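Below is one structure, written out as structure tokens; comments come after it.
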Amino acid sequence: MRIDVVSIFPEYLDALDLSLVGKARRDGLLDLRMHDLRAWTSDRHRTVDDTPFGGGAGMVMRPDVWGRALDDVLGPDVLAGESTGRTVLLVPTPSGERLTQRLVEDLARADRLVLACGRYEGIDARVAEHYTEDVETVEVREISLGDYVLNGGEVAALVVVEAVARLLPGVLGNPESLTEESHGRGEGGALLEYPVYTKPAEWSGRRAPEVLLSGHHGNVARWRRDQALERTVRRRPDMISALDPQELDRADRAILARQGWFVPAGASAPVPVRIRPGRPDEAQALSDLAAATFPLACPPELGADDITAFIAEHLSPARTTEYLTDTDHYRVQVAQAPSGLVGYTLVVLPRTPDEPPYADDVAALVPDRPAAELSKCYVYPEYQGTGVAGALLGAAAAQAAAVQIDGQPLRTLWLGTNADNWRAQASYRKQGFATAGPRTFRVGDQLMDDVVMVLDLTSHRDDVRQTTPPPHGRS
Ligand code: JB8
């Protein structure tokens with residue numbers, strides 16, 4: 001490949017004699033030529049700039065000087081449309097399109113690159129226009145490295161040359177390292193790189209992660225993938241939004257769920273879901289959510305009328321408003337996706353430390369008090385099985401673990417769920433709930449067979465203290 005760089009500071013690119021790019025030039029893989037723009041000036045002062053039409057600060061580079069320079073560098077064949085190869089004219093500018101690995105890969109397939117490095121306030125706009133519209137065999141791209149401002153295009157030229165050169169055949173010793181890299185869009189979608197370690201195994205009191213010293217290749221690969229996912233969530237959530245769910249296995253999804261990203265059924269990408277306390281103005285949304293979800297969790301023998309009556313009594317906006325405002329008796333956590341609320345939990349607090357939960361059959365199964373009831377855990381169907389319920393339950397339990405009733409911290413979170421709803425039970429079990437025994441539960445005039453499950457909040461409390469700041473207000 002041939003690359004020409006035109007600049008008023010051609011020495012800026014002297015660094016390209018060094019290292020891999022220098023070697024590629026000496027090996028004849030890269031024909032890199034620097035040019036001093038002032039060679040195409042005609043006045044005694046070798047002037048390249050002038051004041052901007054329309055006024056304003058700074059100076060603008062003259063199109064006539066740039067035109068002569070670029071015509072010469074491109075050569076008569078390109079200008080006449082008689083060259084067969086692909087020539088790309090790159091003009092670095094803060095207002096250019098972003099230079100990405102994808103663009104770099106595209107540029108590496110060109111036959112010639114010409115980099116026009118501006119200074120001052122930039123190059124008269126007619127230059128890019130002219131080569132775009134009047135010279136058919138030249139492709140013009142105005143490019144930017146990122147959202148910050150440099151003093152000229154030379155650094156961008158250095159970046160382009162280095163990024164392109166390492167993709168040229170024969171330049172890199174080990175081409176395998178190309179496919180593994182961040183931004184290389186390897187299999188599994190583009191993620192940031194995992195952290196790397198080398199000897200000594202302990203440095204400055206820090207040990208390298210044991211898994212990397214274990215020699216267990218499967219565990220190493222999984223650990224690295226977890227690290228890459230976690231890093232990408234924290235540093236580049238935009239890249240998580242661009243992941244293809246088909247490239248995410250169960251372990252990937254579990255890691256993402258722990259970081260607050262979930263893959264709803266039928267979605268084309270993971271979405272961020274924030275778990276937070278519900279607000280009074282969300283009664284309608286939560287009521288809608290409950291009305292849509294509750295029937296799906298009912299056993300088939302339950303009549304539509306009974307379901308409707310239950311929804312009207314317990315899940316109406318008015319009741320939901322109570323849940324959201326009466327914080328002495330209720331705690332609500334919601335799951336907020338970009339599309340809106342997709343799930344919530346309701347915890348009912350006891351009024352006294354020893355208040356027997358509910359009915360006798362439950363009271364016998366929940367001896368460790370104070371005990372609060374996890375009364376609802378509703379999640380829209382497309383978010384079921386994604387980990388949102390688990391995240392909600394975790395937040396509800398953490399919040400409950402911090403609640404005291406007359407100075408006594410809650411010891412148990414209990415719930416009743418339909419005995420045949422094994423999926424719900426499995427989901428609760430995953431969050432640490434254990435089955436305590438059966439109870440019956442009335443919906444309308446139907447008596448349903450339920451199981452009671454309990455979560456020990458006293459062990460939860462220690463987890464919570466390490467991970468969440470002390471709560472404000474009532475606790
Ligand atoms: C004048 O920040 B940059 C950049 C800044 C410039 C010029 C070109 C590029 C020309 N200032 O990428």
Side-chain angles (χ1 to χ4, degrees), residues 1-16 18 21 32-43 45-74 87-108 110 112-133 135 138-167 182-183 236 238:
M1 169 177 285
R2 175 173 162 187
I3 305 182
D4 293 273
V5 182
V6 183
S7 161
I8 58 169
F9 298 119
E11 308 81 29
Y12 214 114
L13 292 110
D14 283 353
L16 295 173
L18 305 176
V21 175
L32 181 57
R33 308 182 194 180
M34 310 326 170
H35 309 274
D36 185 348
L37 177 69
R38 290 193 204 275
W40 287 277
T41 55
S42 42
D43 64 317
H45 295 105
R46 310 225 291 166
T47 307
V48 296
D49 61 338
D50 212 323
T51 54
F53 284 138
M59 301 290 273
V60 174
M61 296 190 104
R62 294 174 55 104
D64 51 351
V65 178
W66 270 107
R68 286 194 295 271
L70 293 174
D71 281 357
D72 259 5
V73 166
L74 289 166
T87 299
V88 183
L89 172 59
L90 294 166
V91 187
T93 160
S95 48
E97 67 178 303
R98 182 66 62 86
L99 181 72
T100 60
Q101 188 64 21
R102 175 200 286 270
L103 178 52
V104 167
E105 284 164 10
D106 178 53
L107 296 175
R112 287 191 62 188
L113 303 180
V114 177
L115 280 141
C117 301
R119 282 267 149 180
Y120 315 110
E121 299 307 308
I123 303 171
D124 184 300
R126 288 169 292 183
V127 174
E129 240 177 66
H130 164 64
Y131 288 99
T132 303
E133 293 172 9
V135 185
V138 173
E139 207 178 306
V140 179
R141 312 287 288 258
E142 296 187 73
I143 56 166
S144 162
L145 298 181
D147 292 340
Y148 40 80
V149 179
L150 304 169
N151 287 327
E154 286 76 10
V155 168
L158 284 169
V159 168
V160 167
V161 172
E162 181 160 326
V164 167
R166 61 194 292 285
L167 298 183
S182 284
H183 310 298
R236 292 292 304 277
D238 58 306

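It should be emphasised that the depicted structure is a prediction, and the values quoted were computed from it without experimental measurement. Each ligand, and each atom within it, is numbered from 1 in the order the structure gives.
In this structure, CG in Leu99 is found 14.0 Å from CD in Glu142, a value given to the nearest 0.5 Å. With rounding to the nearest 0.5 angstrom, the CG atom of Leu90 is 7.0 Å from the CG atom of Leu103.
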Result block: side-chain N/O donor-acceptor pairs under 3.5 angstrom for residues 153-160, not counting sequence neighbours:
| residue | atom | partner | partner atom | Å |
| --- | --- | --- | --- | --- |
| Glu154 | OE1 | Arg119 | NE | 3.0 |
| Glu154 | OE1 | Arg119 | NH2 | 2.9 |
| Glu154 | OE2 | Ser7 | OG | 2.6 |

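A search for side chain to side chain donor-acceptor pair (under 3.5 Å) contacts involving Thr41 returns nothing, not counting sequence neighbours. Residues that satisfy the side chain to side chain donor-acceptor pair (under 3.5 Å) test with Arg126, not counting sequence neighbours, are Asp124.
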Under a 3.5 Å threshold, I'd like every N/O contact between ligand 1 and protein atoms, with atom names and distance.
| residue | atom | partner | partner atom | Å |
| --- | --- | --- | --- | --- |
| ligand 1 | 2 (O) | Leu150 | N | 2.7 |

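The number of heavy-atom neighbours closer than 6.0 Å to OH of Tyr12, taken from other residues, nucleotides and ligands shown, is 12 or below.
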